[in-house]
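Below is one structure, written out as structure tokens; the observations come after it.
Lettering of chains follows the sequences in order, A, B, ..., and the numbering in each one begins at 1.
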Protein chains: 2
Amino acid sequence: MRPSRSRVSIKDVSRHAGVSVSTVSHVLNGTRYVSPELRARVEAAITALDYRHNGLARSLRTRRSYTIGLIIPDVSNPYYPQLARGVQDTADEAGYAVFLCNSDRRPEQEVRLVAALEQRQVDGIILDAAGPTPELLTALRRLRQPVVLVGSRIDEPDFDRVMMAPHGSYDAVRYLLSRGHRRVALIGGPPVFGSTRPTKAAGYLAALAEAGIEPDPALIMQGDYTREGGRLAMHRLLALSAPPTAVFAGNDLMALGALVAAREAGVRVPEDIAIVGYDDIPEASVAVPALTTVAVPKYEMGRVAAELLLARLRGEGSQQPQRIELPHRLVIRASA
Amino acid sequence: MRPSRSRVSIKDVSRHAGVSVSTVSHVLNGTRYVSPELRARVEAAITALDYRHNGLARSLRTRRSYTIGLIIPDVSNPYYPQLARGVQDTADEAGYAVFLCNSDRRPEQEVRLVAALEQRQVDGIILDAAGPTPELLTALRRLRQPVVLVGSRIDEPDFDRVMMAPHGSYDAVRYLLSRGHRRVALIGGPPVFGSTRPTKAAGYLAALAEAGIEPDPALIMQGDYTREGGRLAMHRLLALSAPPTAVFAGNDLMALGALVAAREAGVRVPEDIAIVGYDDIPEASVAVPALTTVAVPKYEMGRVAAELLLARLRGEGSQQPQRIELPHRLVIRASA
DNA sequence: CTGTTAGCGCCTTCAG
DNA sequence: CTGAAGGCGCTAACAG
């Protein structure tokens, strides 16, 4: 009768077991009492026919896919795997699967990915965005599913968000100052379009100001968060007639690049120049000298973001967007 | 009439535009000619009603989810992000989204994840498995969707698979031998249950044999692919009455641990002892001394695996399972 | 305690 | 060139 042994559905199972489809559905989901006898027949039919539950159909019906989307700049950037793992572990424990997407920090890409995830009917999205571009914000706001923002580049009050405490760079520079450094350079990141958040440069400036030190523009470099960018910036710093005695880099990748530059220039770290990074990526502890850095709780951020999202999906928690700030920690190693 | 402004479907759009649902569907998918006039009306209705295409319903109907699953041991292990990126890029280009799952190299977990992905109706699965456990193999074979195996721990002829060339450890040890080393130690990985593939130990032994060197059991350590495991193994090696002059570690994480151990013991690398790793993870080039290692084309492996899977999904290619072997490359840096 | 039935939102013959 | 209609496989009222 059936064309071939194509796919077997709940209906085939019900027929085989001599029960109704709703009974099958209920034994599948444990969602109402079914007599041991019928249950046994259903289970027998299931294995006899080698039936598999179709989650798509179920999701279509229940409007819940038990699926979330995670958009990060790049999994192969050592910062993100831990964050990803944090959300995945949390999601997995709750029965959710996660679509992992890389945006390469390109706003159009982010917008595209958000749309693709929406179309796949994810229940929610966690996003580490490049910045608060109007297009992205619009795309996010018209979304029907909840969004949690991670990272510190967007701080819009109408979204749930988990961010790092803002004063990491301040702490780092203060530490350098406390060690007697007076000429402290900054290798910052590129400006984030439209961001209203205090930048790393702000913390740097604040620490200098507090110590009564006039910032020297020559010591302020703009990097791009890549290793190579850090290396180049460091070389320019080292070529100055009055080079700095300490450098604070906006992330570890750039700090590591700076380390390479120092070695290339025959300058000793930390004896001739101290270096502090930001993030505490795995490589930071392996480098020689091991990098002093502002440790960011990456795994924890992922976990908290996922928990926030799941709570929202469960309808728990306050209705207002939450803003969660996670503490950093200055990890003092050998480079400063 | 409709309860509320809940969800708008293709049917609402058709009504609003005064056309049939099939016309709407066809403008949505560009799947048959629609007169400019009707098309315009449909498009107007779409924006007017703020309609969003429901991918779940579509997939249910077409039996294609444009979704694949990727199961790896652990994203936060520096080996995997690049592999993951390779498959994600390839999938993304072809319009597929990828579910990323971590198995922590636990067979039961792998089996569980395979089932979860199947239920979510992924079109295919890419898996870097812990080993050929019978349960996993069974689960994989009863799957209705294609599977591609990556990594070298399973080499079953009835699956598509992309693996590394087998002689990496042989090359590494031969290199050490060519540099005059005679006492070369091995820090291997744990045995892979049921695997028939040549292990790294095999290559090590082969290279020694070829050089006419009797393997010394005291120089063969079993590690666990973790940094700490490498560190411990190295300490034991260093404590030997006749310690080795060179060490080959089965992966970079262990080699890095060995480096740490050497430093702790005040032994210089490579002057007192040479170290070669395997994988070429990002940290390998940052370490001091930079690690000489067998570079594995991780990104490429991911890409090739995804391409293989996509080809299968398109029904292209030979019907027989493919076995693709990717070459490694010995990267000589400072540690040996 | 179990069965019938109406969709979820979409694609795709089959007619016209 | 366009429309009508039948499911894809499942859940959840609603009856009984």
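Heavy atoms of B:Arg52 sit under 4.0 angstrom from primed sugar atoms or phosphate atoms, though from no base atom. Across all strands shown, B:Val19 has heavy atoms under 4.0 Å from sugar-phosphate atoms exclusively, and none from any base. As judged by a 4.0 angstrom heavy-atom cut-off over every strand, B:Val21 is placed among the base-contacting residues. Across all strands, B:His53 comes closer than 4.0 Å only to sugar-phosphate atoms, never to a base (heavy-atom distances).
Note on ring orientation: taking the six-membered ring where Trp is involved, the planes of B:Phe99 and A:Phe99 are parallel (angle under 30°, cut-offs 30° and 60°).
Between A:Arg63 and C:dG9, a side-chain N or O to OP1/OP2 separation shorter than 4.0 Å is present. Proximity of A:Asn29 to the phosphate of D:dT11: a side-chain N or O atom is located under 4.0 Å from OP1 or OP2. The phosphate of D:dC10 has neither OP1 nor OP2 within less than 4.0 Å of any side-chain N or O from A:Ser59. Distances shown here put every side-chain N or O of B:Arg32 at or beyond 4.0 Å from the OP1 or OP2 atom of C:dC11. A close approach under 4.0 Å does occur between a side-chain nitrogen or oxygen of B:Ser25 and OP1 or OP2 of C:dC11. Side-chain N/O atoms of A:Ser9 include none lying less than 4.0 angstrom from OP1 or OP2 on D:dG9.
Separating the CZ atom of A:Arg7 from the C1' atom of D:dC10 is a distance of 14 Å, rounded to the nearest angstrom. Atom-to-atom, CD of A:Gln119 to P of C:dG9 comes out at 15 Å; the value is rounded to the nearest Å. Put simply, CD1 on A:Ile10 is 15 Å from C1' on C:dA6, counting in whole angstrom units. Atom CD of A:Gln121 is separated from atom C1' of C:dG9 by 9 Å (rounded to the nearest Å). D:dG9 atom P lies 17 Å from atom CG of B:Asn54, rounded to whole Å. A straight line from OH of B:Tyr33 to C1' of D:dT2 spans 12 Å, rounded to a whole angstrom. Distance, A:Arg39 CZ to C:dG3 P: 14 Å, rounded to whole Å. One can place CG of B:Leu28 at 6 Å from P of C:dC11, the figure rounded to the nearest angstrom.
Here D:dG3 is the nucleotide among C:dG3, D:dG3, D:dG9 with the atom lying nearest to any side-chain atom of B:Leu38. The side chain of A:Leu60 lies closest to D:dG9, out of D:dG9, C:dC11, D:dT11. You'll find that the side chain of A:Arg61 is closest to D:dA12, out of D:dA12, C:dC1, C:dG9. Out of D:dG9, D:dA13, D:dC10, the shortest distance to the side chain of A:Ser22 is found at D:dA13.
Along DNA chain C, the nucleotide nearest to A:Ala57 and the one nearest to A:Thr23 differ in position, and the one closer to the 5' end is contacted by A:Thr23.
Atom CG of A:Leu149 is separated from atom CG of A:Leu136 by 7.5 Å, given to the nearest 0.5 angstrom.
Shortest non-hydrogen contact noted between B:Ile154 and B:Met163 is O-CE, 3.5 Å.
In this structure the side chain of B:Leu313 reaches within 4.5 angstrom of the side chain of B:Tyr96, judged on heavy atoms. Side-chain contact between B:Leu100 and B:Ile72 is present, with at least one heavy-atom pair separated by less than 4.5 Å.
Salt-bridge check for A:Glu108 with A:Arg112: failed, with every basic side-chain N at 4.0 Å or more from each acidic carboxylate O.
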